[in-house]
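From a predicted model like this one, the values you see are computed outputs, not experimental measurements. So you know, we letter chains A, B, ... as the sequences are listed, proteins then strands, and number each from 1.
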Amino acid sequence: MLDKFTKLCYTNLMKMKDIIKEWLKESTGLPVEVATTRNPKLGDYTTNIAFSTGGDPRENARNILSNIKGKPDIVEKIETKNGFINIFLSKSALLGVIDTVRREGEFYGSCNKGDGRRILLEFVSANPTGPLEVPNGRAASIGDCLYRVLSFMGYSVDREYYVDNCGRQIKLLAESINARMSGEDVPEGRYRGDYINELSDEVRVLKPRDLEKFAVETILSQQRKTLTDFGVEFTNWVRESEIRKICPDIIGKLRKGGFIYEKDDAVWFTASSFGDEKDKVLIKSDGEFTYLTPDIAYHINKFERGYDTLIDILGPDHLGHILSLKGALEALGYPAGNLIVLISQWVTILEDGKKKRMSKREGRFVTLDEIISTIGKDVAKFIFLTRKRDSHLVFDMDVAKKESKENPVYYIQYAYARMSGIEGVARERGVGIDDSKTALLGNEEEMNILRKLIHFPEVLEEVERTFEPNHIPTYLTELASLFHTFYERHRVVSGDRDLSGARLALTAVIKQVLGNGLSLLGITAPERM
RNA sequence: GCGCCUGUAGCUCAAUAGGAUAGAGCAUCGGAUUUCUAAUCCGAGGGCUGGGGGUUCGAUUCCCUCCAGGCGUACCA
């Protein structure tokens with residue numbers, strides 16, 4: 001039995017948690033759940049099984065422990081404390097992570113959990129009525145990171161941007177440009193801002209036949225450039241005008257299913273029978289579709305293209321129609337439960353210590369371009385990805401500018417660059433990595449690093465489970481901190497050739513994991529700073 | 001009014017399926033560099049986790065209630 005676990009360990013070291021779980025299950029006969037311990041002094045893994053069996057947990061834990069016979073090689077010791085059963089990994093098991101990372105390299109942390117299942121990730125999808133703003137940057141960061149992580153975990157992920165190139169806001173855009181061209185002030189409720197002036201100038205020169213289309217496509221290409229500068233790419237750009245073509249068919253199907261009725265010259269969907277507050281209009285009395293109609297069609301179109309799971313990252317302003325959308329999908333027999341809607345909360349901008357009330361129509365907004373040029377994309381992404389999606393994040397422009405020089409992202413990047421520096425020194429002195437000498441490692445700082453490295457795959461699984469990227473920045477900061485502490489206390493390249501070789505292996509592995517993590521965040525890993 | 005989200009250190013945020021002493025960064029104060037990058041390290045202070053109930057061996061986490069803020073509650077998107 002022990003051999004089996006040992007073998008498992010070396011073929012797939014990242015699953016040590018599972019190995020321990022299996023071992024405890026087999027030897028106790030209890031439905032054991034294993035968790036990562038927060039405090040390394042309390043071991044590497046822990047189980048609270050003794051709390052759920054009734055009676056005194058401390059006594060239970062001791063009884064359970066005394067019944068466990070033997071242990072896999074990866075376990076150094078197992079002990080109880082306060083009713084918890086704590087498992088300490090052996091030094092050789094911890095050292096094994098070096099081999100694993102050295103072998104797997106840029107794939108360390110990846111897995112095949114997704115098994116090729118197809119996910120369509122829709123995010124940003126800003127109206128083509130102006131430049132991308134700060135909240136779009138937040139959604140872009142999160143969407144891009146989820147794309148990278150889910151792909152890393154074996155899902156087949158496409159990224160899509162939905163372009164609302166129809167509807168009222170496009171008419172308002174055209175009116176704004178027309179007003180500007182004729183030298184008038186832009187009327188109330190229309191779009192203002194320098195970009196409208198620039199567009200007007202272009203229109204004056206180019207005299208496009210279709211003003212609306214010209215304006216939309218021009219703005220869209222600017223948005224695309226912003227995203228490229230931000231390091232975020234999309235697989236597809238889907239225009240609402242294309243989706244509208246299939247709307248009559250969708251409405252026909254809904255009507256056939258009895259989910260449609262007419263009232264006040266409008267066409268209604270029976271959303272209230274699917275849990276929504278009230279029924280929703282699909283075709284207005286003027287014959288135009290509402291926003292909801294093409295959105296239903298779009299999501300049906302997504303399922304029809306063969307995706308297993310649809311993920312939408314939306315702003316909180318879209319809360320109102322999620323239930324209707326899911327209701328319509330359900331009505332037409334699509335798996336509404338496979339549509340996962342993630343709400344990326346607003347960003348409050350503070351400027352000069354005051355809340356900046358954002359309004360694109362009034363020309364008051366902070367663009368993503370501005371953020372990229374003032375604080376840089378790495379800092380911006382890190383700020384966005386450190387927060388949970390649901391938190392109402394406060395983006396203080398003054399602090400962001402000031403801290404762009406001392407942002408935590410540099411803490412991680414600096415650790416990475418420092419290790420590059422060490423590699424350079426090692427090369428100069430003719431010292432190389434020696435994987436065969438890693439047993440020489442063993443001080444507290446080194447062991448803490450190894451313990452942390454083991455948990456990287458678990459962090460990614462957490463991101464996959466919760467769709468919350470923020471665990472990665474937290475983890476990387478902790479790992480970088482452990483490295484910096486190690487660096488202050490011990491020399492990597494020293495007169496001791498064997499120890500130097502072992503420590504170079506260790507730093508190579510830390511660097512690899514930091515690099516993998518930064519890459520999943522879409523943040524650069526600089527060789528020097 | 002109703003629905004969803006949020007409320008944690010002076011500030012910005014964490015807390016891995018309810019776990020052990022609630023953690024980081026910034027700010028404040030005190031230390032560390034003849035040695036691989038000081039964008040670093042070590043230490044100190046700072047908390048009735050918005051208030052009040054409840055469930056539990058155990059609650060920042062779950063339930064109820066109140067307070068504060070955001071969003072939604074359109075034949076806007």
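- One can find a donor-acceptor pair under 3.5 Å joining the base of B/G69 and the side-chain atoms of A/H392.
- Put simply, A/H490 has no side-chain N or O that comes within less than 4.0 Å of OP1 or OP2 on B/U35.
- With hydrogens and angles ignored, the 3.5 Å screen pairs a side-chain donor or acceptor of A/T47 with a backbone N or O of A/E33.
- For B/G70, the OP1/OP2 oxygens have no side-chain nitrogen or oxygen of A/T348 closer than 4.0 Å.
- The base of B/G19 is paired with the side chain of A/N48 by a donor and an acceptor separated by under 3.5 Å.
- With hydrogens and angles ignored, no donor-acceptor pair closer than 3.5 Å exists between the side chain of A/T290 and the base of B/A74.
- Remark: the backbone N or O of A/R491 is paired with a side-chain donor or acceptor of A/R503 at under 3.5 angstrom.
- A close approach under 4.0 Å does not occur between any side-chain nitrogen or oxygen of A/Y162 and OP1 or OP2 of B/A77.
- The pair A/E175-A/R168 does not count as a salt bridge, with every side-chain nitrogen at least 4.0 angstrom from each carboxylate oxygen.
- We find that A/R451 and A/E444 are not joined by a salt bridge, their nearest charged nitrogen and carboxylate oxygen being 4.0 Å or further apart.
- Remark: A/R38 engages no residue in a side chain to side chain donor-acceptor pair (under 3.5 Å) (not counting sequence neighbours).
- As rounded to the nearest Å, B/U12 and B/U56 have C1' atoms that lie 33 Å from one another.
- Between the side chain of A/N301 and the backbone N or O of A/I243, no donor-acceptor pair lies under 3.5 Å.
- If you check distances only, the side chain of A/S285 does reach the base of B/C75 with a donor-acceptor pair under 3.5 Å.
- By the criterion of a centre-to-centre distance under 5.5 Å and near-parallel planes under 30°, the ring of A/F84 forms a stack with the base of B/A20.
- For B/A20, the base has a donor-acceptor partner in the side chain of A/N86 [N/O atoms by modelled type, under 3.5 angstrom].
- Proximity of A/N39 to the phosphate of B/G23: no side-chain N or O atom is located under 4.0 Å from OP1 or OP2.
- Taking a pair as Watson-Crick or G-U wobble with both distances under 3.5 Å, RNA chain B forms stems of 3 or more consecutive pairs at B:1-7 with B:67-73, B:10-13 with B:23-26, B:28-32 with B:40-44, B:50-54 with B:62-66.
- Residue A/Y416 contributes atom OH, which lies 21 Å from atom P of B/C36 at whole-angstrom precision.
- Using a 4.0 Å cut-off between charged nitrogen and carboxylate oxygen, A/R244 and A/E288 count as a salt-bridge pair.
- The distance between atom CD of A/E33 and atom P of B/G18, rounded to the nearest whole Å, is 11 Å.
- Regarding contacts with the backbone of B/C36, every side-chain N or O of A/R429 stays at 4.0 angstrom or more from both OP1 and OP2.
- Distances shown here put every side-chain N or O of A/R418 at or beyond 4.0 Å from the OP1 or OP2 atom of B/C36.
- Contact annotation: A/Y475 side-chain N/O to B/A24 OP1/OP2 distance is not under 4.0 Å.
- The side chain of A/K388 places an N or O atom within less than 4.0 Å of a non-bridging phosphate oxygen (OP1 or OP2) of B/A15.
- Contact check, A/S52 against B/C57: no side-chain N or O comes under 4.0 Å of OP1 or OP2.
- At the heavy-atom level, A/R489 lies under 4.0 Å from the strands shown only through sugar-phosphate atoms.
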